[in-house]
Amino acid sequence: MTILLGLLQFLLFGYLVFGLIKPQKALFFIGDENNRKRLYVILAWLGLSVFFAFLFNVTGVTESIERSERADSIKQANIDKAAFQKRNIEKIIADSTDLSQGVFSTNTIETMNVEELGSSLQHLSSYANIPTNDSLSELYKTNKQYSSAVDYCIKRASEIKNNNLPSMRKRYTDILKDKLWEDDIDVQISGKNSTILTLVGAVFAANKNKKEMQEAIAPVVTRLGFKQIRYKWIQHDDEYTYYDIK
């Protein structure tokens, strides 16, 4: 825009020179040839020059304001980015300290409900997503302190998860047993590392009830790492329906 206004001023100066030499042609738009005087040329040039000078100044001020706003925006973005990085570095360092001590929840496993069991597992699994997270991947790639802490948390969280899953499965079994007691359903846990869940009750003589129960508990038993769910209608039934969890 500034270049364009400069060019217009140059053309106006040329118009002034032309008008002083050929006023009749320069002021052809006035109509009356007797009025085509050099004075009108000068006045026309002055008027147009003042107008474009004003426009030039307004444009310059506007561009200056826009440049200042862009600079402020970039500065604020850099401040926000630095604050974001600082918060996440401090958080991952605090998390690594907790994980080094085996702390991953405010509650002990023995007092957790189903929702807390699920959220604890989700928390432990979340560290593995940081390197590919849209908002954190750049920090992971560019900040050695952060990436080192993240790598430690991923490894330590996996160890804690594997070590505590058997206890979490037992806790879930107790919760389910208390919940289904009124429906005359017994719940048992067995197998290596407590990976087999067995539900015993007369209601499971009907396949429909087995299917509905399996659909209800499938998300939780899958997250807790159960390998097989068995349904019996009596305790010592040698034949039973089972679902393998993959």
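Along the sequence shown, the residues carry numbers beginning at 1.
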S.K.: Looking at CD1 of Ile185 and CG of Leu176, how far apart are the two atoms once the value is rounded to the nearest 0.5 Å?
M.R.: 8.5 Å
S.K.: Taking all atoms of both residues into account, what is the closest heavy-atom pair of Ala149 and Ile92, and its distance?
M.R.: CB-CG2, 3.6 Å
S.K.: Side chains of Trp233 and Val203: closer than 4.5 Å at any heavy-atom pair?
M.R.: no
S.K.: Without swapping roles, check the side chain of Ser147 against the backbone of Lys144 for a donor-acceptor pair under 3.5 Å.
M.R.: yes
S.K.: Counting only heavy atoms not in Gln122, do more than 12 sit closer than 6.0 Å to its CD atom?
M.R.: no
S.K.: Enter the distance from Asn162:CG to Ser158:OG here, rounded to the nearest 0.5 Å.
M.R.: 4.5 Å
S.K.: Give, for atom OG of Ser120 and atom NZ of Lys161, the distance between the pair rounded to the nearest 0.5 Å.
M.R.: 11.5 Å
S.K.: If I compare all heavy atoms of Tyr127 with all of Ala157, which pair ends up nearest, and what's the gap?
M.R.: CD1-CB, 3.8 Å
S.K.: Only one of Ile189, Ile217, Leu165 clears side-chain contact (heavy atoms from CB on, under 4.5 Å) with Phe226; which?
M.R.: Ile189
S.K.: So, taking the atom named CG in Leu199 and the one named CG in Asp186, what distance separates them when rounded to the nearest 0.5 Å?
M.R.: 8.5 Å
S.K.: With Thr111 as reference, evaluate Asn113, Thr108, Asn107 under the side chain to side chain donor-acceptor pair (under 3.5 Å) test and give the passing residue.
M.R.: Thr108
S.K.: Check Lys211, Lys210, Arg230, Lys232 against Thr241 for a side-chain contact (heavy atoms from CB on, under 4.5 Å) and give me the one that passes.
M.R.: Lys210
S.K.: So, Arg87 versus Gln85: side-chain donor-acceptor pair below 3.5 Å or not?
M.R.: no
S.K.: Under 4.5 Å between any side-chain heavy atoms of Leu117 and Ile175, yes or no?
M.R.: yes
S.K.: Cut-off 3.5 Å, side chains only: do Asn88 and Tyr140 have a donor facing an acceptor?
M.R.: no
S.K.: Run the salt-bridge test on Lys155 and Asp151 with the 4.0 Å N-O cut-off and return the result as yes or no.
M.R.: no
S.K.: Please lay out, stage by stage, how Thr195 and Gln228 fare under the test side chain to side chain contact (heavy atoms under 4.5 Å, CB included).
M.R.: CA-CA 7 Å; Thr195 56; Gln228 189 177 88; over 6 Å; no
S.K.: Out of curiosity, does Tyr152 fall in the hydrophobic cluster containing Ile130 (side-chain heavy atoms, cut-off under 4.5 Å, transitive links)?
M.R.: no
S.K.: More than 12 heavy atoms of other residues, nucleotides or ligands under 6.0 Å from CD of Glu138: is that the case?
M.R.: no
S.K.: Would you check if there is a donor-acceptor pair between the side chains of Ser100 and Thr97 at a distance under 3.5 Å?
M.R.: no
S.K.: Can you list everything that forms a ring-ring contact (aromatic ring centres under 6.0 Å, His included) with Tyr243? Sequence neighbours excluded, please.
M.R.: Tyr231
S.K.: Look at the side chain of Thr222 and the backbone N and O of Ala218, then say whether any donor-acceptor pair between them is shorter than 3.5 Å.
M.R.: yes
S.K.: Passes side chain to side chain donor-acceptor pair (under 3.5 Å), Asp237 versus Gln235? Steps please.
M.R.: CA-CA 6 Å; Asp237 189 5; Gln235 176 64 46; over 6 Å; no
S.K.: Would you list the pairs meeting side chain to side chain donor-acceptor pair (under 3.5 Å) in which at least one residue belongs to residues 166-180, sequence neighbours left out?
M.R.: none
S.K.: Please report the C-alpha distance between Val187 and Trp181 in whole Å, then the side-chain angles of each, then the deciding distance to 0.1 Å, and finally whether the side chain to side chain contact (heavy atoms under 4.5 Å, CB included) criterion is met.
M.R.: CA-CA 9 Å; Val187 183; Trp181 176 81; over 6 Å; no
S.K.: Between atom CZ of Arg223 and atom OG of Ser125, what is the distance when rounded to the nearest 0.5 Å?
M.R.: 8.0 Å
S.K.: Could you give me the CA-CA distance, side-chain angles and deciding distance for Ser137 and Thr132, then say whether side chain to side chain contact (heavy atoms under 4.5 Å, CB included) is met?
M.R.: CA-CA 5 Å; Ser137 59; Thr132 56; 5.9 Å; no
S.K.: Taking all atoms of both residues into account, what is the closest heavy-atom pair of Tyr146 and Asn143, and its distance?
M.R.: N-OD1, 2.9 Å
S.K.: So, taking the atom named SG in Cys153 and the one named CG in Asp98, what distance separates them when rounded to the nearest 0.5 Å?
M.R.: 9.0 Å
S.K.: Between Tyr242 and Asp244, is there a side-chain heavy-atom distance shorter than 4.5 Å?
M.R.: yes
S.K.: Taking everything shown except Phe84 itself, do over 12 heavy atoms lie less than 6.0 Å from its CZ?
M.R.: yes
S.K.: Taking the side chain as C-beta and beyond, is there a heavy-atom pair between Leu99 and Leu124 under 4.5 Å?
M.R.: yes
S.K.: Going through the checks in order, is the side chain to side chain contact (heavy atoms under 4.5 Å, CB included) test met by Tyr240 and Val200?
M.R.: CA-CA 10 Å; Tyr240 51 83; Val200 183; over 6 Å; no
S.K.: With a 3.5 Å distance limit and no angle check, can you tell me whether Asn164 reaches the backbone of Ile160 through a side-chain donor-acceptor pair?
M.R.: yes
